[in-house]
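Worth saying up front: this structure is predicted, and the values here are computed from it rather than measured. Ligands are counted one by one from 1 in listed order, and the atoms in each one are counted from 1 as well. For reference, positions follow the sequence shown, starting with 1.
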Amino acid sequence: MNDYTGEQIEVLKGLEAVRKRPGMYVGNTAERGLHQLVYEAVDNAVDEALAGFATTVRVVLGKDGSCSVEDDGRGIPIDMHVEQKMPAVEVVMTMLHAGGKFGAKGGYKVSGGLHGVGISVVNALSEKMIVRVRRDGKLVEIRFERGITTQKLKVLERNAEGTGTYVWFLPDRSMFETTDFHWDILQKRLRELAFLNRGLSITLRDERPDEPKEKTFLYDGGIVSFVEHLNDKKDPLHPIISTNGEREGVAIECALQWADTYTETIFSYANNINTIEGGMHLLGFRTAVANAVNTYARKRGVLKESDANLSTDDCMEGLTAVVSVKLEEPQFEGQTKTKLGNAKVRSIVYGLVSERLDFFFEENPKYARAIVEKCMQAQRAREAAKKARDLSRRKSALDGMGLPGKLVDCSDKDPKVSEIFLVEGDSAGGTAKMGRDYRTQAILPLRGKILNVWKAREDKVFANEEIRAMITALGTGIAADFDVERLRYHKVIIMTDADVDGSHIRTLLLTFFYQQMRALIEKGFVYIAQPPLYGVRRGKKQRYAFTEDELKGIIGTDDPKDFLIQQYKGLGEMDAEQLSETTMAIESRRLKQVALEDAVAADEMFTTLMGDKVEPRKEFIQAYARSVKNLDL
Ligand code: 0RA
């Protein structure tokens with residue numbers, strides 16, 4: 001019956017491929033994939049801004065579960081596409097990868113990055129999509145369902161003003177495990193995009209609550225504002241140093257600032273994509289910084305001829321930086337395709353950053369001296385830490401000579417199936433020991449004050465008994481000796497009480513992993529156990545509620561008096577069988593995998609909680625804690 005043309009068959013084949021394997025196109029069909037739909041739509045608008053035509057992007061989450069993205073760019077072309085015999089906008093929306101063919105000339109095509117699959121994929125995975133374009137004095141509209149055109153392009157207004165594109169879509173509920181957009185996830189990425197694209201205004205509006213929420217991100221300072229934001233709660237040693245330029249078709253922007261902290265916080269981006277695995281731009285940047293510091297230190301005689309150079313790591317202590325490059329045809333490599341491989345970028349970034357730093361140091365001797373002094377301190381501390389480490393290694397703790405006495409190990413030695421529960425307190429540890437599956441589940445009780453690893457220098461960290469027991473049990477070693485391949489358990493599960501102390505101890509443990517064993521989080525080995533908040537019994541039937549909402553759901557419209565509701569304040573209030581059933585047993589428990597998705601947020605939280613500034617920490621604790629015990633803040 002249907003007289004499909006060759007082009008239409010191509011379209012259907014493309015859509016079918018996307019709907020058959022959505023994960024291939026948007027990463028997965030869970031939360032992440034769902035949000036990827038928004039990013040795809042936003043990336044197109046950002047591209048239009050980078051090409052110099054759009055200034056404003058507006059993202060609206062509708063009450064009906066929809067999302068719309070609107071920009072004030074040129075509008076997707078609407079003239080007939082000769083080859084495809086349909087309007088260009090229809091080609092862009094229905095043909096896989098067609099977007100690129102119309103790519104904005106001159107600018108850097110940014111979409112085409114990590115997933116960068118194009119807006120047609122969003123269309124294919126949406127129950128409905130409406131696209132409106134203002135252009136050539138007209139307002140036109142076209143509609144789709146699951147990627148198939150249901151309303152051909154039609155003119156809504158003939159004397160329309162302005163230009164721009166509006167894309168409205170309703171994610172396909174049959175394709176995604178969840179279609180609930182998260183404000184926090186979206187605002188983080190949109191804020192990041194606003195930092196990375198100076199002057200671009202991005203608004204996020206949520207119309208789902210009774211009182212709509214709206215936030216606009218616009219940073220005239222670009223990545224300088226980003227560094228300012230990251231160092232918000234730290235004490236910086238000098239004003240932010242920044243540079244930007246374009247060489248050999250690569251646009252580079254860097255901003256950096258040392259603060260009085262001990263960690264390195266460098267965020268690197270290529271075409272607005274967070275290059276978590278680093279790459280050529282990061283290499284060039286770090287080398288330039290280290291060389292500039294060493295050159296200045298030698299010139300001023302702070303480093304004598306016989307002194308060794310400051311290592312690159314020493315020069316990075318307390319440094320916060322953002323390195324952003326934009327280029328055509330980026331090569332993304334590495335396990336998660338977030339490592340920039342274009343070799344020429346290394347020397348380009350190196351050159352630009354070297355010039356800027358040499359100049360800054362010459363012009364600002366006071367700051368230059370403070371920075372060099374900071375790096376020298378790092379070097380001294382590192383040497384002291386190495387001595388402490390060597391000493392403690394000889395004393396047997398860290399190289400796996402013997403497992404810690406407190407560890408209740410599992411019998412299976414295959415890391416792939418083995419799990420370790422880091423349990424708050426000896427008594428919960430005892431219960432966990434009885435409730436575990438002895439074959440695959442190991443228990444390590446952690447007692448009392450866990451060291452504040454953010455503030456402490458490495459030597460103190462390694463002297464802490466709880467930390468040492470943990471390192472030894474995990475088997476990976478630490479710092480320069482860290483080797484994730486030696487991890488003895490592929491699930492490291494933090495199990496703390498569902499109260500304030502529990503959450504603090506969890507934060508401290510996550511701090512430690514973040515600072516000292518980051519690969520553990522990056523590779524997805526770290527989990528958080530989810531103990532229930534309530535046990536609910538009716539007659540002989542025992543159920544558990546993990547949230548207040550679940551409790552309400554269980555009670556429903558019945559009389560709460562008909563149940564024996566027990567609130568669990570701590571793990572210790574459950575017996576071994578209950579703890580096993582609700583929190584530990586593989587078939588019935590819930591676990592939350594810890595992701596390093598938002599290193600920005602993690603860094604923020606750790607800085608607030610553990611940083612040197614007393615005020616923010618006090619505010620944080622007052623906001624979250626009524627009783628803080630067991631904490632060494
Ligand atoms: C191709 C060519 C032109 C604009 C666009 C694509 C475009 C795409 C999207 C997607 C969302 N917003 C967008 N804005 C523009 C411009 C062609 C021209 O006018 O010369």
Notebook entry, point to check: Do you know the tightest heavy-atom contact between Gly73 and Asp71?
Noted result: N-OD1, 2.8 Å
Check: Hey, does the side chain of Asn342 reach the backbone of Lys344 with a donor-acceptor pair shorter than 3.5 angstrom?
Finding: no
Note to self: Given Asn44, Ile76, Asp71, Ile78, identify the one with the heavy atom nearest to atom 12 (N) of ligand 1.
What the structure shows: Asp71
Next item on the list: Please identify each residue that fulfils side chain to side chain donor-acceptor pair (under 3.5 Å) with Glu161, with sequence neighbours left out.
Entry: none
Check: Which residue pairs satisfy the salt bridge (charged side-chain N to carboxylate O under 4.0 Å, His left out) criterion with at least one member in residues 271-289, sequence neighbours excluded?
Finding: Glu264-Arg286, Arg286-Asp313
Next item on the list: Please identify which atoms of ligand 1 are closer than 4.0 Å to at least one heavy atom of Pro77.
Entry: 1 (C), 2 (C), 3 (C), 4 (C), 5 (C), 6 (C), 17 (C)
Next item on the list: With heavy atoms of Glu48 as the reference, note each atom of ligand 1 found under 4.0 Å away.
Entry: 4 (C), 7 (C), 14 (N), 15 (C)
